[in-house]
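Could you have a look at this structure, given as structure tokens, before my questions?
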Amino acid sequence: MNSRTPEEPGRPGRFRRPSRLALRLTAASLLVALAALFAVLATTAQVVRESAVASIFADLDGVVEVGLANAPTDTSAAPLRDWAMALASIEGGGEEGATPTRRERRVTLIASDGTVLADSHEDARAMDNHRDRPEVIAAFATGYGRSQRFSDTRGEDLTYVAVRLPWRDDTVLRLSEPVVQLEETVRAILTPVIVVTALAFIVAAVLSLWYAARFGERIARLVRFSERVARGDFTPETSPRRMDELDQLLGSLNRTALELQRSFESLTAEKNQGATILSSVAEGVAVVDEDLRIQYVNGAFREVLSLPGESWRDYRGRHVRNVLEKKRLLKMVRAAMRGTSEEREISLNDREVLVRAAPIRPIEPEQPSAAPSSGNEARPPEPAGAVLVLMDVTQLHALERVRRDFVANLSHEMKTPLTAIRGFSETLLDGNLEGPPEQRRFLGIIRQHAIRLSHLTDDLMRLARIEAGKLEAEPVPVRIETVVESVLESARLKAGDRSLAARVADDARPVETDPTLLTEILQNLVDNAIQYSAADGRIKVATKFSDAEVHVSVSDNGVGIPKAHLGRIFERFYRVDPARSREVGGTGLGLAIAKHTVEVLGGRIELESAPKQGSKFTVVLPAPPPDDPLAGISAAGNAVLDRASPA
């Protein structure tokens, strides 16, 4: 873990350059404030404008009421025009008492056909027809009309109020005032509001920038702290306590950093412990990741492959193809990455090496016990790497060769004297032997043990020949039921009262194998079943075909084999019950010979057994598929065998 000096806080009074986050926060807040201010100003202007317009309409309505209240007594054209013109300056005592708005007030008399009869500001004869003016239309229709629109005559926006004269239905009195006076009023009201708002906005911007700079600095410290944790520096970060959400986040990050430090130290200790253990084992070990790059190799691995370098770190990260020159090793590693474990012996640098390659799968999380199980089985996770183990078996093979040679030589040397002893004892027993009766009994014992030793030496020599690889199979098309029938026929005399039965599958077909070796295998298994069955026991030989294999099983209802002995039953001289084995005879090599002979044929032998329930030995051999041309070969003995031989 790295160490660091805590960062010094900034000196008081020093302005820190705002971070990008602070600038963004400030800009966002100012934009929101600016939008709010614009909305307030726009609303204020609209309210002031609507209020001023309403005031103008009220003023015009008041003038109309005053004018109608002081209607002229003479309603002819000339007095009516004078009355209308007088309305332009009504309420205020003339020019001196009038407001600017009233000085701009315009009065117009309009006939029902739209002809302008009189106007206070323009020559009526030169004015357009006003029949289509909205306020005029409304006044003739309802007696009153108002509008705010652009005036073609004046070339500006005006507000209009029109009323139909009560004493002349064919004439409308219209008053108007310009809106420009309204806009000036609105500006006069809003100008101080805008100034004050701008000053407030500037102050708010400065305060927001200052606060955002402080907030951004705190965020930046959290970012720097997380970067330090990512680099392996778990020193806690301190800051003035403000007890806000950022302080809570900092406290959570400090606790997380502490837990990461503990986990990191624990993983480092476990890694060092594992590396120490692996460096001490005699087998060579290499660990490869999912990218086929080496993560660890111990000293034994480097020694077996004669790799240079003094540490596994010299090879960490290198691709396996740059380290493993043997193509077989590369193939095994790639097979392990596909999820397949392999084990084989190969020659490396004048050494015999047993190689094991296995996938490394991630540990699956524990599933809750109450979780419902789906119908489909979950697929195993993809391998996260592979482990390659090299075991130098050169010395073991040398010792095994010495043992085999010793057994073979000893058996060969014992064969001649045993033959002589057996021959002389049989000669004496067949002749006219004179003397006490004990002499003939002693000679019988000598002959019996000589025969037993002769069988033992024969089995030892055969087993040594198989282990030395000198036994070769000569496969030919064979009908399994024919071999089974031959084995049972030869075993009937030895079976005595035991029941012998054979059952061959209906889909039986010829199999490419060595009939002699298959006969010896089945003979060994049937003899073993006879020896360990009761006098009235049952022995059955059955066959079953699959797409690529044939299963030949020999089962009995004898004493059975305890589970603790199943793993060693095929070892040479291994006996479950030595006393019973001596009673029934045998050399203790039959099952070992059967197992090695099955392997010569490219198959395997399986065992199922339980005490007092009998045993079932199954020979599994490769068989051609049903559409193989071999299946068309005809042979005798196609009939399904299912018969027993009592006694």
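The first residue of the sequence shown is numbered 1, and numbering continues consecutively from there.
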**OP:** Using side-chain contact (heavy atoms from CB on, under 4.5 Å) as the criterion, point out the one residue from N528, L525, L500 that pairs with I539.
**Re:**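 Single pass found, and it is L500.
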Subject >> Other residues, nucleotides, ligands: >12 heavy atoms within 6.0 Å of I445 CD1 >> reply: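 Counting neighbours around CD1 of I445, more than 12 heavy atoms of other residues, nucleotides or ligands fall under 6.0 Å, so yes.
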**OP:** Working to the nearest 0.5 Å, report the span between CZ of F617 and CZ of F570.
**Re:**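 So the gap between those two atoms works out to 5.0 Å.
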**OP:** Please lay out, stage by stage, how K595 and T597 fare under the test side-chain contact (heavy atoms from CB on, under 4.5 Å).
**Re:** CA-CA 5 Å; K595 176 179 178 294; T597 306; over 6 Å; no
Subject >> Side chain proximity check, L601 to V619, heavy atoms < 4.5 angstrom >> reply: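 Result no, sub-4.5 Å side-chain heavy-atom pair not found.
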**OP:** Go through the side-chain N and O atoms of T543 and E481 and say whether any donor and acceptor fall under 3.5 Å apart.
**Re:**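 No.
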Subject >> Shortest non-hydrogen contact from T394 toward R351 >> reply: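 Reported closest heavy-atom pair: OG1-CA, 3.4 Å.
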Original post:
How long is the gap from CG on L522 to CG on L517, to the nearest 0.5 Å?
Top reply: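 Separation between the atoms: 11.0 Å.
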**OP:** Kindly say whether I561 contributes a backbone atom to a donor-acceptor pair with the side chain of H565 at under 3.5 angstrom?
**Re:**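 The answer is no, because no donor-acceptor pair under 3.5 Å joins these two groups.
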Original post:
Can you tell me how far CG of L591 sits from CG of L607, rounded to the nearest 0.5 angstrom?
Top reply: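 Between atom CG of L607 and atom CG of L591 there are 8.5 Å.
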Original post:
So do V620 and V550 actually touch side chain to side chain, heavy atoms under 4.5 Å?
Top reply: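 Side-chain contact under 4.5 Å: no.
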Subject >> From CA spacing to verdict: side-chain contact (heavy atoms from CB on, under 4.5 Å), V393, V353 >> reply: CA-CA 6 Å; V393 293; V353 180; 5.8 Å; no
Original post:
With distance as the sole test, does D289 use its side chain to make a donor-acceptor pair with the main-chain N or O of G385 at under 3.5 Å?
Top reply: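 Absent.
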Original post:
Checking R498 side chain against A534 main chain: does a donor-acceptor pair fall under 3.5 Å?
Top reply: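 Present.
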Subject >> Salt bridge R262-E265, side-chain N to carboxylate O under 4.0 Å >> reply: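 Between E265 and R262 there is no salt bridge, as every charged N stays at least 4.0 Å from the carboxylate O atoms.
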**OP:** Test V552 against L621 for side-chain contact (heavy atoms from CB on, under 4.5 Å), laying out the working first.
**Re:** CA-CA 8 Å; V552 184; L621 298 175; 5.6 Å; no
Original post:
Thinking salt bridges, do R604 and E549 make one under a 4.0 Å N-O criterion?
Top reply: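 Salt bridge: yes.
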Subject >> Under 3.5 Å: donor-acceptor pair, side chain of S490, backbone of V487 >> reply: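 Yes, S490 side chain to V487 backbone: donor-acceptor pair under 3.5 Å.
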**OP:** Locate the shortest heavy-atom distance separating E290 from M337; write the atom from each residue and the value.
**Re:**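 Nearest pair, atom of E290 first, then M337: CA-CE, 3.4 Å.
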Original post:
Between the main-chain N or O of R538 and the side-chain N or O of N557, is there a donor-acceptor pair closer than 3.5 Å?
Top reply: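 Looks like yes, one N/O pair under 3.5 Å.
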**OP:** Kindly give the heavy-atom pair with the smallest separation between S533 and D556, and that separation in Å.
**Re:**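 Reported closest heavy-atom pair: OG-CB, 3.5 Å.
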Original post:
Would you call the rings of F264 and F234 parallel, tilted or perpendicular, where under 30° means parallel and over 60° means perpendicular?
Top reply: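 Tilted.
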**OP:** Show the numbers, then the answer: is there a side-chain contact (heavy atoms from CB on, under 4.5 Å) between F301 and L307?
**Re:** CA-CA 8 Å; F301 189 90; L307 299 176; 4.2 Å; yes
**OP:** Identify whether the distance between the nearest side-chain nitrogen and carboxylate oxygen of E259 and R255 falls below 4.0 Å.
**Re:**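 No, no charged N to carboxylate O under 4.0 Å.
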**OP:** Could you tell me whether the side chains of D527 and Q523 share a donor-acceptor contact shorter than 3.5 Å?
**Re:**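 Yes - a donor-acceptor pair under 3.5 Å links their side chains.
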Subject >> Backbone N/O of L390 and side chain of R356: donor-acceptor pair under 3.5 Å >> reply: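 Between the backbone of L390 and the side chain of R356 there is no qualifying donor-acceptor contact (under 3.5 Å).
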**OP:** Would you indicate whether the side-chain heavy atoms of V320 and L388 approach each other to under 4.5 Å?
**Re:**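 Heavy-atom side-chain distance check fails, nothing below 4.5 Å.
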**OP:** Give the minimum heavy-atom separation between I294 and V297, together with the two atoms involved.
**Re:**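 Shortest heavy-atom contact: CG2-CG1, 3.7 Å.
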Subject >> Nearest heavy atoms of E283 and N298, plus distance in Å >> reply: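 Closest approach of E283 to N298, heavy atoms only: O-ND2, 2.9 Å.
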**OP:** Check R318, H319, R316 against R293 for a side-chain contact (heavy atoms from CB on, under 4.5 Å) and give me the one that passes.
**Re:**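 When side-chain contact (heavy atoms from CB on, under 4.5 Å) is applied between R293 and each of R318, H319, R316, only H319 qualifies.
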**OP:** Nearest 0.5 Å please: distance from the CG atom of L518 over to the CD1 atom of I480.
**Re:**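 Between atom CG of L518 and atom CD1 of I480 there are 5.0 Å.
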Original post:
Mind checking whether T618 and K616 have side chains closer than 4.5 Å, heavy atoms only?
Top reply: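 When only atoms from C-beta onward are counted, K616 and T618 do touch, with a gap below 4.5 Å.
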Original post:
Short question: side chain of S486, backbone of T482 - any donor-acceptor pair under 3.5 Å?
Top reply: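 The answer is no, because no donor-acceptor pair under 3.5 Å joins these two groups.
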Original post:
Taking atom CD1 of I605 and atom CD of E599, what is their separation to the nearest 0.5 Å?
Top reply: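 Spacing of CD1 (I605) from CD (E599) equals 9.5 Å.
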Original post:
At their closest point, which heavy atom of P475 faces which heavy atom of E512, and how far apart are they?
Top reply: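 Heavy-atom minimum between the residues: O-OE2, 3.7 Å.
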Original post:
Within the side chain of D514, is there an N or O that forms a donor-acceptor pair under 3.5 Å with the backbone of T516?
Top reply: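 A pair under 3.5 Å: yes.
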**OP:** Report the C-alpha distance between S615 and S609 in whole Å, list the side-chain angles of each, state the deciding distance to 0.1 Å, and finish with yes or no for side-chain hydrogen bond (donor to acceptor under 3.5 Å, both in side chains).
**Re:** CA-CA 4 Å; S615 303; S609 183; 2.8 Å; yes
Original post:
How many angstroms lie between atom NZ of K494 and atom CD of Q531, to the nearest 0.5 angstrom?
Top reply: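 Going from NZ on K494 over to CD on Q531, the span is 6.5 Å.
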